[in-house]
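The structure appears right after this line, and notes come after that.
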2 protein chains.
Amino acid sequence: MNLSKTSEYALRIMSYMAMDDKKLHRANDIFESLQIPFRYLRKQMTNLTKSGIIISVQGKNGGYRISRSIGEISLLDIIHATGDQQIMTNCFFGFENCALNRQCAMHDKWDEIRQNINQVLASTSLAELNENGPDNFISNNSIQITKNS
Amino acid sequence: MNLSKTSEYALRIMSYMAMDDKKLHRANDIFESLQIPFRYLRKQMTNLTKSGIIISVQGKNGGYRISRSIGEISLLDIIHATGDQQIMTNCFFGFENCALNRQCAMHDKWDEIRQNINQVLASTSLAELNENGPDNFISNNSIQITKNS
DNA sequence: TTAAAATAATACCTCAAGGTATCATTTATG
DNA sequence: CATAAATGATACCTTGAGGTATTATTTTAA
Ligand code: SF4
Ligand code: SF4
């Protein structure tokens with residue numbers, strides 16, 4: 001599997017924001033804790049805003065805030081918010097149009113794997129994530145990317 | 001998850017060849033049953049040859065043959081043969097360098113998912129695939145891509 | 001020995017995801 | 001009001017995976 005990098009970023013961002021979920025987070029603060037190129041992060045923040053999963057406040061002292069209770073936001077919600085709708089291809093072999101007269105040996109196995117992943121992502125909330133080591137998995141070590149304004 | 005398209009193609013190719021595993025298959029025959037762009041398929045055939053998972057015979061009446069018993073070739077072997085060494089990123093968030101003072105809530109869940117997938121891929125052989133609907137999952141419907149020599 | 005039928009090698013093209021740069025807009029505050 | 005500090009919009013650049021095109025090589029068989 002590969003989540004798109006964009007989804008990985010979104011997951012980092014939301015997890016970070018969940019650590020102080022009522023706060024208005026500035027893009028700059030988020031940048032300093034995550035390892036995401038600054039301008040790309042900025043772009044994605046407005047994307048996430050458009051998706052409705054966060055809200056933005058413009059102007060001086062502006063920033064972003066999680067729009068719902070972190071107990072109600074699943075990791076799958078976050079992935080979907082980025083536009084990645086389907087995380088794994090339906091057919092293991094990548095066929096768009098399988099005849100499916102009778103299923104091949106991989107069909108059910110693959111289906112099971114996909115369901116398993118979906119179940120984990122759908123049942124894990126930001127709140128749960130937040131209870132467990134957010135100060136760790138958010139690599140709040142020193143910044144590794146230079147910002148360049 | 002996404003296997004690379006190249007890996008999906010390799011899985012199709014090997015599955016197809018496994019249907020007649022002692023035969024010398026011409027690239028052209030393979031092309032007509034799978035939905036893979038012809039020239040790209042040709043390129044990949046020589047790649048697979050270099051990897052050793054198939055052997056090639058040049059010249060007129062040449063072609064490709066599976067190099068080992070299909071009972072000994074796992075789907076994971078095929079994926080590895082394409083150069084895709086790691087099918088899922090280790091860290092769910094895509095961090096290269098997680099501090100890991102204490103693991104975050106996703107670490108074990110993600111690990112389990114990865115192991116599960118690996119286990120399925122490593123334990124499913126071409127032979128098993130071949131017992132179950134190869135005439136179906138190999139979309140041997142009419143060709144959908146034009147070959148252009 | 002020559003032509004045809006196959007694979008091999010090499011170089012190039014294309015496109016979307018990821019990333020950057022610039023300017024515009026909004027808002028707080030002195 | 002003017003400035004600064006924040007986000008928004010827009011356009012562009014870069015890179016690698018996927019895909020094409022061309023030429024070279026190997027082998028069979030008429
Ligand atoms: S039966 Fe096999 S080939 Fe067909 S869609 Fe399912 S996994 Fe793909
Ligand atoms: S603990 Fe969490 S953030 Fe760290 S490597 Fe594991 S999954 Fe990634």
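Predicted model only: the values in this text are computed from it and were never measured. Sequence lines set the chain letters: A, B, ... in the order given, protein chains first and strands last, and positions in each chain run from 1.
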* Structure fact -> Whichever of B:Lys50 and A:Gln58 has the more 5' nearest nucleotide on DNA chain C, that residue is B:Lys50
* Structure fact -> Walking DNA chain C from its 5' end, the first of B:Met45 and B:Lys60 to be reached, judged by nearest nucleotide, is B:Lys60
Check the phosphate of [N] against [X], side-chain N and O only, distance under 4.0 Å to OP1 or OP2. Yes or no?
X	N	value
B:Thr46	C:dT7	no
B:Ser4	D:dA17	no
A:Tyr40	C:dA21	no
B:Asn28	C:dA6	no
A:Arg39	C:dG19	no
B:Arg26	C:dA6	yes
B:Ser56	C:dA8	yes
A:Lys43	C:dG18	no

Identify which nucleotide among [options] has an atom closest to any side-chain atom of [X], counting heavy atoms from C-beta outward.
X	options	answer
A:Tyr64	D:dT7, C:dG19, C:dA8	D:dT7
B:Asn61	D:dT28, C:dA8, D:dG19	D:dT28
B:Ala27	D:dG8, D:dG18, C:dT7	C:dT7

Taking atom [atom2] of [N] as reference, at what distance in whole Å does atom [atom1] of [X] sit?
X	N	atom1	atom2	answer
A:Leu41	D:dA6	CG	C1'	14 Å
A:Tyr9	C:dA17	OH	P	15 Å
B:Leu24	D:dT27	CG	P	13 Å
B:Leu3	D:dA17	CG	C1'	15 Å
B:His25	C:dA5	NE2	C1'	18 Å
B:Lys5	D:dT20	NZ	P	13 Å
B:Arg65	C:dT7	CZ	C1'	14 Å
B:Gln44	C:dA8	CD	C1'	15 Å

* Asked: Crowded around B:Gln85 CD? As in, over 12 foreign heavy atoms under 6.0 Å?
  -> yes
* Asked: Looking at CE of A:Met106 and SG of A:Cys91, how far apart are the two atoms once the value is rounded to the nearest 0.5 Å?
  -> 9.5 Å
* Nearest-0.5 Å distance, CD1 of residue A:Ile79 to CD of residue A:Glu8 -> 9.5 Å
* To do: Please tell me if the side chains of B:Phe92 and B:Asp111 come closer than 4.5 Å, counting only heavy atoms from C-beta onward.
  => no
* Could you check if a side-chain atom of A:Arg68 sits within less than 4.5 angstrom of a side-chain atom of A:Asp77, using non-hydrogen atoms only? => yes
* Asked: Are a donor atom and an acceptor atom from the side chains of A:Glu112 and A:Asn116 found within less than 3.5 Å of each other?
  -> no
